[in-house]
Amino acid sequence: MIAQNFEYSAPANLSEALKLLADGEAKALAGGMSLIPLMKLRLATPGQLVDIGRIAGLSYVRQDGDAIRIGATTTHYEVQSSGLLRASCPLLAETADHIGDIQVRNRGTIGGSVAHADPAADYPAALLALEARVVLVSAKAEREMPIADFFVDTFTTALEPGELIREVVVPVEDKSAGTSYRKVAQPASGFAIVGIAARVRQSGGPSGKMIAFARIGVTGLAGKPYRAINVEQALEGTAGSPADIQKAAALVADGIEANSDLHASDAYRKHLAKVYTMRALAVASSRTA
Amino acid sequence: MKISGSYTVPANRERTYQLLQDPAVLAKCMPGTDHLDRVAEDEYEMKMKMAIASIGGLFIGKIRLADQNPPESFRLLVEGTGKIGFLKGEGLLNLIGQPQSTEVMYEGDVQVGGTIASVGQRLLDTTSKMIIKKFFEKLAEAAIE
């Protein structure tokens, strides 16, 4: 199908884009990997599109002290192939490897994916495990918030009308940390039926190694991505043996109302979540130094 | 699609039942709905403006209350049609009194058709859960007002 008529503008800079978006009527277009298909099906019928994909200076990956700042229109391909991220925040680069297919990774952007807040998108699991922050801008103000506060519900974020994501901020990973993203992809769309991002740090004690730090992000399982804090707490302080990991991973879906659709029932999704949390933790642990 | 679940409303059973029968309260609790127009006894017409992700649209629909057994249970029938698809649903709501609140248990069946159903399968379950959650959150707000 062909999209309904709409006005299109491609501002050259951010302030012009924010002005066009200020009244909350226009829709921002980044890579278009979610919005354009919806428009072609006429499920989305925005009257005005503001293409932020051509704004210079909105696509970058750069280190800023102990943080790495990623511009909103940085593509998934740029994230997965960034030398800086591969070396200093490998979890995010590894997660980007798993997004869609090469065409989607070449066009789709980190800001677009995060703003769309698909409950089965890959990035949210990694960003939650990384305790990332997002910087939001509007014509009037700029604010920064933890990613956990940004994802409000299914397709619902803390973005106000007229607001854009300017950048995503992730920490420089500790050299001793081990990280991993493990996912069951839906074969047709590539979206996560369940996706688990894990970060682990060990400390050496007199009685051997111990898990000093664990972070788990979960996507695909519930209406919104979440951090499995109960798993983290169950694991921290243990030796991180396969039995410890299994015991902690068993908690990942506790108290969670799991999604259920024709691809996977809620019980199956919960089962997958436990298995993939085990796998993600096992791989992450094996990568610790 | 089968739906079921329960929510706790901070009001006693009589008051919760009464809130659920009040068109003004129902309109307030349904996302994107301003008001309900009464077309017959316990039957109302409504306009619902939905906006989830980039998907948006106006739905025109009807809502009907039936099999009322105050303050224990009633049946809720909803249907709506819009450019992007249609939905038809029916559910039984049971109210269980607790010391300080009321547990509302619902169980029903929803049929969704049109474009949204043929391409949006992956999203129907999560989205419908979110709408139901929003409804009960607003109802809880109305209960303590």
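Treat the numbers as computed from the prediction; the structure is a model and nothing was measured.
Of residues 65-95 of chain B, those residues lying under 4.5 Å from chain A by any heavy-atom pair are K83(B), I84(B). By a heavy-atom distance cut of under 4.5 Å, not one residue of residues 18-49 of chain B is near chain A.
More than 12 heavy atoms of other shown residues, nucleotides or ligands fall within 6.0 angstrom of atom OH in Y106(B). Counting non-hydrogen atoms of neighbouring residues, nucleotides and ligands closer than 6.0 angstrom, the CG atom of N5(A) reaches no more than 12 such neighbours. More than 12 heavy atoms of other residues, nucleotides or ligands sit less than 6.0 Å from atom CD of E14(B). The local environment of CD1 in I2(A) is sparse, with at most 12 non-hydrogen atoms from other residues, nucleotides or ligands closer than 6.0 Å. By the 6.0 Å contact criterion, CZ on R143(A) is enclosed, its count of non-hydrogen atoms from other residues, nucleotides or ligands being greater than 12. Counted within 6.0 Å of CD on E16(A), heavy atoms from surrounding residues, nucleotides or ligands total more than 12; the atom is thus considered enclosed. Within a 6.0 Å sphere centred on CZ of F135(B), other residues, nucleotides and ligands contribute more than 12 heavy atoms. The environment of CE in M145(A) is crowded: more than 12 heavy-atom neighbours from other residues, nucleotides or ligands sit within 6.0 Å.
We find the CD1-OG distance between I3(B) and S260(A) to be 13.0 Å, quoted to the nearest 0.5 Å. The line from CG of L124(B) to CG of N259(A) is 11.5 Å long, rounded to the nearest 0.5 Å.
Both the backbone and the side chain of T154(A) have a heavy atom closer than 4.5 Å to some heavy atom of chain B. Proximity to chain B is limited to the backbone of A258(A), based on heavy atoms less than 4.5 angstrom apart. Heavy atoms of S189(A) lying under 4.5 Å from chain B belong exclusively to its side chain. When heavy atoms are compared at a cutoff of 4.5 Å, A115(A) does not approach chain B at all.
If you tally non-hydrogen atom pairs under 4.5 Å between each of L43(A), D261(A), L41(A) and chain B, the highest count goes to L43(A).
Under 4.0 Å is where a charged nitrogen must lie from a carboxylate oxygen, and between K134(B) and D153(A) no such pair does.
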field: R42(A)/T115(B) under side-chain contact (heavy atoms from CB on, under 4.5 Å): CA gap, chis, key distance, verdict
entry: CA-CA 9 Å; R42(A) 299 206 171 186; T115(B) 321; over 6 Å; no
